[in-house]
*Asks:* 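Shown below is the structure under consideration.
In what follows, residues are counted from 1 in the order of the sequence shown.
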Amino acid sequence: MVRPGKVPGIVIGLLFLACLVTAQEPDRPEFIGLSKIAKDLGLKMGPGESEREVRLKGEWVVLDFKAASRIMWLNGLKIFLGNPVWQSRGGLYLSTDDWERLLKPILMPRVVGNSPGYRKVVIDPGHGGKDPGAVNSAMGIQEKDLALAVSRLIAQRLSAEGFEVRLSRRDDRFIPLDDRPESSNRLQADIFLSIHFNAANPSVRGVETFVYTLRGDPSSGRTNVEPVDRRGYPGNANDHWNALLGFYIQSEMVKGTGLPDRGLKRARFTVLEDLDSPGALLELGFLSNSQTALLLKQPAFLNRLADAVTQGVLRYRRTLMRLETSP
């Protein structure tokens, strides 16, 4: 017999285990079932290529998910999630942050509300001056030169489309990383694009787009959550629109260049951290890959890159303009 006011140790232990199990259940507010997403979007839900995969399909959209993976595909475009897809009781679950701040803004931007401006663009050519960025000495190309050349081409195209465009640098000069978002904020930009090229193993090819990492999530390049991830930053105020802008640009870059799709990713880059506006950092190819390096020496290909980025920004503007006029 237990006296009033006393709880035996075994009961405390059982209560602790129950709380622990509840904290790990995917039907908590932090997760949403793919079956619910399919129902809400009016999509058909079926198996993917394996028993651990699920496909949500409609007339205009196809979403592919894989259990325990942080990579999913939207209409064939690779997107990196903040959290792995959770499998439980035969169903797959997506973190609510990935749903609310990544996929929903792309699929249903009208439900986000408070759409941002789209008229003033700051283009940030990466590196410069004493900082060459990636270098391919054998091919005689440097990232800082390519970034400036393509940024100028993008600026010309966007200006012709009616945007007010500024460059963070117009010549070969060094600009500290912190100064780049600060100048964009000072100009009250609506869109910030940081232009870069990459280097890695010589076999690596492709284009990739980075937007700022969601609060509480690790960046795409790692799996562990660190103290820096638990803070909120100014760049997180535009999580929804970062996702939409990044998706459009990555989609157009893949389509326009024919280079492999390395995905829409997230990173805590300094140039994105303190932005007041939506922004993205674009990696437009790997100088370290000989095939890509040959393309980057051709003015026609640099024009293709500029065309692709411009088309991504134009898609973003068209969507925001529709949101302005929709009831």
*Asks:* Test of understanding: with side-chain hydrogen bond (donor to acceptor under 3.5 Å, both in side chains), list the residues that count as partners of Arg222, not counting sequence neighbours.
*Replies:*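 Scan of Arg222 (side-chain hydrogen bond (donor to acceptor under 3.5 Å, both in side chains), adjacent residues dropped) gives Asp229.
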*Asks:* Side chains of Ser95 and Asp98: donor-acceptor distance under 3.5 Å anywhere?
*Replies:*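 Judged by distance alone, the side chains do pair up.
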*Asks:* Answer whether the closest heavy-atom distance between the side chains of Gln250 and Phe210 falls below 4.5 Å.
*Replies:*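 The answer is no, as the side chains (C-beta and beyond) never meet within the 4.5 Å cut-off.
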*Asks:* Restricting to non-hydrogen atoms, name the atom on Leu287 and the atom on Ala293 that form the minimum distance, rounded to 0.1 Å.
*Replies:*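 Distance-wise, the nearest heavy atoms are O-CB, 3.7 Å.
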*Asks:* Can you find a heavy atom in the side chain of Leu56 that is under 4.5 Å from one in the side chain of Lys44?
*Replies:*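 Not touching, per the 4.5 Å side-chain cut-off.
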*Asks:* Do the charged groups of Asp190 and Lys120 touch, with an N to O distance under 4.0 Å?
*Replies:*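 No, Asp190 and Lys120 are not salt-bridged.
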*Asks:* With a 3.5 Å distance limit and no angle check, can you tell me whether Asp261 reaches the backbone of Lys78 through a side-chain donor-acceptor pair?
*Replies:*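 Side chain of Asp261 to backbone of Lys78: a pair is present.
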*Asks:* Could you tell me whether Arg315 and Glu252 make a salt bridge, using a distance below 4.0 angstrom between a side-chain N and a carboxylate O?
*Replies:*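 Here Arg315 pairs with Glu252 in a salt bridge, since their nearest N and O are under 4.0 Å apart.
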*Asks:* For the side chain of Ser159 and the backbone of Gln156, is there at least one donor-acceptor N/O pair under 3.5 Å apart?
*Replies:*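 No, because the side chain of Ser159 does not come within donor-acceptor range (under 3.5 Å) of the backbone of Gln156.
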*Asks:* When you measure from the side chain of Thr310 to the backbone of Ala306, do you find a donor-acceptor pair of N or O atoms at a distance under 3.5 Å?
*Replies:*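 Yes; at least one donor-acceptor contact below 3.5 Å.
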*Asks:* Run the side-chain contact (heavy atoms from CB on, under 4.5 Å) test on Val313 and Tyr248 for me, step by step, so that the C-alpha distance in whole Å, both residues' side-chain angles and the decisive distance to 0.1 Å come before the verdict.
*Replies:* CA-CA 7 Å; Val313 176; Tyr248 283 156; over 6 Å; no
*Asks:* Measuring only between side-chain heavy atoms, which start at C-beta, is Pro47 closer than 4.5 Å to Val54?
*Replies:*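 Heavy-atom side-chain distance check fails, nothing below 4.5 Å.
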*Asks:* In terms of hydrophobic clustering (I, L, V, M, F, W, Y; side-chain heavy atoms under 4.5 Å; direct or indirect links), are Phe286 and Leu294 co-clustered?
*Replies:*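 In one cluster with Phe286: Leu294, no.
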*Asks:* Just by modelled atom types, is the Gly279 backbone N or O under 3.5 Å from a matching donor or acceptor in the Asn242 side chain?
*Replies:*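 At least one qualifying donor-acceptor pair exists.
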*Asks:* Main chain of Arg230, side chain of Arg215: is a donor-acceptor contact present, judged purely on distance under 3.5 Å?
*Replies:*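 Yes, Arg215 side chain to Arg230 backbone: donor-acceptor pair under 3.5 Å.
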*Asks:* Between Lys144 and Asp131, does a salt bridge (Lys or Arg N to Asp or Glu O under 4.0 Å) hold up when you go through it step by step?
*Replies:* CA-CA 8 Å; Lys144 66 175 184 177; Asp131 177 14; over 6 Å; no
*Asks:* Asn136 side chain to Gln142 main-chain N or O, any donor-acceptor pair under 3.5 Å?
*Replies:*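 It does not hold such a pair.
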*Asks:* Going only through I, L, V, M, F, W and Y residues with side-chain contacts under 4.5 Å, is there a path from Leu167 to Ile175?
*Replies:*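 Different clusters.
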*Asks:* Taking the side chain as C-beta and beyond, is there a heavy-atom pair between Asp276 and Phe192 under 4.5 Å?
*Replies:*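 Not in contact.
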*Asks:* Going by distance alone, is a donor N or O of one side chain under 3.5 Å from an acceptor N or O of the other, for Asp97 and Asn83?
*Replies:*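 Checked: Asp97/Asn83 side chains show no N/O donor-acceptor pair below 3.5 Å.
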*Asks:* Are Val207 and Leu193 grouped together when hydrophobic residues (ILVMFWY) are joined by side-chain heavy atoms under 4.5 angstrom apart?
*Replies:*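 Same hydrophobic cluster.
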*Asks:* Minimum heavy-atom separation for Leu296 to Leu146, with atom names?
*Replies:*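 That would be O-CD2, 3.6 Å.
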*Asks:* Would you indicate whether Asn114, at its atom CG, is surrounded by more than 12 heavy atoms from other residues, nucleotides or ligands within a distance under 6.0 Å?
*Replies:*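 Atom CG in Asn114 is not packed in, count stays at 12 or less.
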*Asks:* Backbone N or O of Thr96 within a donor-acceptor pair of the Arg101 side chain at under 3.5 Å?
*Replies:*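 Not confirmed, Arg101 side chain does not pair with Thr96 backbone.
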*Asks:* So for atom CE, which belongs to Met321, do other residues, nucleotides or ligands contribute more than 12 heavy atoms lying within a distance under 6.0 Å?
*Replies:*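 Open: at most 12 neighbouring heavy atoms sit under 6.0 Å from CE of Met321.
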*Asks:* Look at the side-chain heavy atoms of Ile, Leu, Val, Met, Phe, Trp and Tyr, link any pair under 4.5 Å apart, and say whether Leu77 and Trp241 land in one connected group.
*Replies:*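 As far as the 4.5 Å side-chain criterion goes, Trp241 and Leu77 are connected within one cluster.
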*Asks:* Show the nearest heavy-atom pair for residues Ala243 and Leu102, with the distance to one decimal.
*Replies:*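 Heavy atoms of Ala243 and Leu102 come nearest at CB-O, 3.8 Å.
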*Asks:* Just do the side-chain contact (heavy atoms from CB on, under 4.5 Å) check on Asp307 and Leu305 with the steps written out, would you?
*Replies:* CA-CA 5 Å; Asp307 287 340; Leu305 285 171; over 6 Å; no
*Asks:* Please name the pair of heavy atoms, one in Ser219 and one in Arg70, separated by the smallest distance, quoted to 0.1 Å.
*Replies:*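 For Ser219 and Arg70, the tightest heavy-atom pair comes out as O-NH2, 3.3 Å.
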*Asks:* OG1/Thr213 to NZ/Lys265 distance, rounded to the nearest 0.5 angstrom?
*Replies:*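 Taking OG1 in Thr213 and NZ in Lys265, the distance rounds to 12.0 Å.
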*Asks:* In Å and rounded to the nearest 0.5 Å, what is the CG to NE2 distance from Leu281 to His196?
*Replies:*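 It is 4.0 Å, given to the nearest 0.5 Å.
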*Asks:* Are any of the side-chain heavy atoms of Glu143 and Val135 separated by less than 4.5 Å?
*Replies:*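 They are not in side-chain contact.
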*Asks:* When you look at Leu275 and Asn185, which way does the side-chain contact (heavy atoms from CB on, under 4.5 Å) test go after all the steps?
*Replies:* CA-CA 6 Å; Leu275 281 178; Asn185 293 341; 4.2 Å; yes
*Asks:* More than 12 foreign heavy atoms under 6.0 Å from CZ of Arg205: is that the case here?
*Replies:*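 Yes, enclosed.
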*Asks:* Hey, what do you get for NZ (Lys104) to CG (Leu244), rounding to the nearest 0.5 Å?
*Replies:*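 Atom-to-atom, Lys104:NZ and Leu244:CG are 14.5 Å apart.
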*Asks:* For residues Tyr212 and Phe269, establish whether the separation of their ring centroids is below 6.0 Å.
*Replies:*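 For Tyr212 and Phe269, the ring centres are not under 6.0 Å apart.
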*Asks:* Please determine whether a side-chain nitrogen of the Lys or Arg among Arg180 and Asp124 lies less than 4.0 Å from a carboxylate oxygen of the Asp or Glu.
*Replies:*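 Yes, charged N to carboxylate O under 4.0 Å.
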*Asks:* For the backbone of Ala200 and the side chain of Ser288, can you confirm whether one donor and one acceptor N or O come within less than 3.5 Å of each other?
*Replies:*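 Checking the backbone N and O of Ala200 against the side chain of Ser288, a donor-acceptor pair under 3.5 Å is found.
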*Asks:* Are Ser183 and Arg186 linked by a side-chain donor-acceptor pair shorter than 3.5 Å?
*Replies:*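 There is no such pair between these side chains.
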*Asks:* Grouping I, L, V, M, F, W and Y whenever their side-chain heavy atoms are under 4.5 Å apart, do Leu284 and Phe247 come out in a common cluster?
*Replies:*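 In one cluster: yes.
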*Asks:* Is there a donor-acceptor contact under 3.5 Å from the side chain of Arg152 to the main chain of Arg170?
*Replies:*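 Present.
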*Asks:* Run Glu182 and Asp274 through side-chain contact (heavy atoms from CB on, under 4.5 Å) and show every step you take.
*Replies:* CA-CA 8 Å; Glu182 182 180 340; Asp274 293 320; over 6 Å; no
*Asks:* Would you call Arg119 and Glu164 a salt bridge, using N to O less than 4.0 angstrom?
*Replies:*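 No, this pair does not count.
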*Asks:* Looking only at heavy atoms, which two atoms of Val309 and Ile249 are closest? And how far apart?
*Replies:*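 Between these two residues, the closest heavy atoms are O-CG1, 4.4 Å.
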*Asks:* Atom OG1 in Thr209, atom CZ in Arg266: separation rounded to 0.5 Å?
*Replies:*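 Here the interatomic distance stands at 12.0 Å.
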*Asks:* Restricting to non-hydrogen atoms, name the atom on Thr292 and the atom on Asn289 that form the minimum distance, rounded to 0.1 Å.
*Replies:*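 In terms of heavy atoms, the two residues are closest at N-OD1, 2.9 Å.
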*Asks:* When rounded to the nearest 0.5 angstrom, what distance separates OH in Tyr93 from OG in Ser35?
*Replies:*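 Interatomic distance, Tyr93 OH to Ser35 OG, rounded to 0.5 Å: 6.5 Å.
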*Asks:* Within the side chain of Arg52, is there an N or O that forms a donor-acceptor pair under 3.5 Å with the backbone of Ala67?
*Replies:*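 Checked: pair present.
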*Asks:* Does the side chain of Ile71 reach to within under 4.5 Å of the side chain of Ile79, using non-hydrogen atoms?
*Replies:*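 With C-beta onward as the side chain, the pair stays apart.
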*Asks:* Are Leu92 and Trp86 side-chain neighbours, meaning at least one heavy-atom pair lies under 4.5 Å?
*Replies:*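 Sidechains of Trp86 and Leu92: no contact.
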*Asks:* Does the side chain of Met72 come within less than 4.5 Å of Leu81's, by heavy atoms?
*Replies:*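 Contact flag for Leu81/Met72 side chains = yes.
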*Asks:* Suppose we screen for salt bridge (Lys or Arg N to Asp or Glu O under 4.0 Å). Which residues come up paired with Arg304, at least two apart in sequence or across chains?
*Replies:*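 Arg304: no salt bridge (Lys or Arg N to Asp or Glu O under 4.0 Å) contacts found.
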*Asks:* For the CD1 atom of Ile106 and the CG atom of Leu245, what is their distance to the nearest 0.5 Å?
*Replies:*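 These two atoms lie 10.5 Å from each other.
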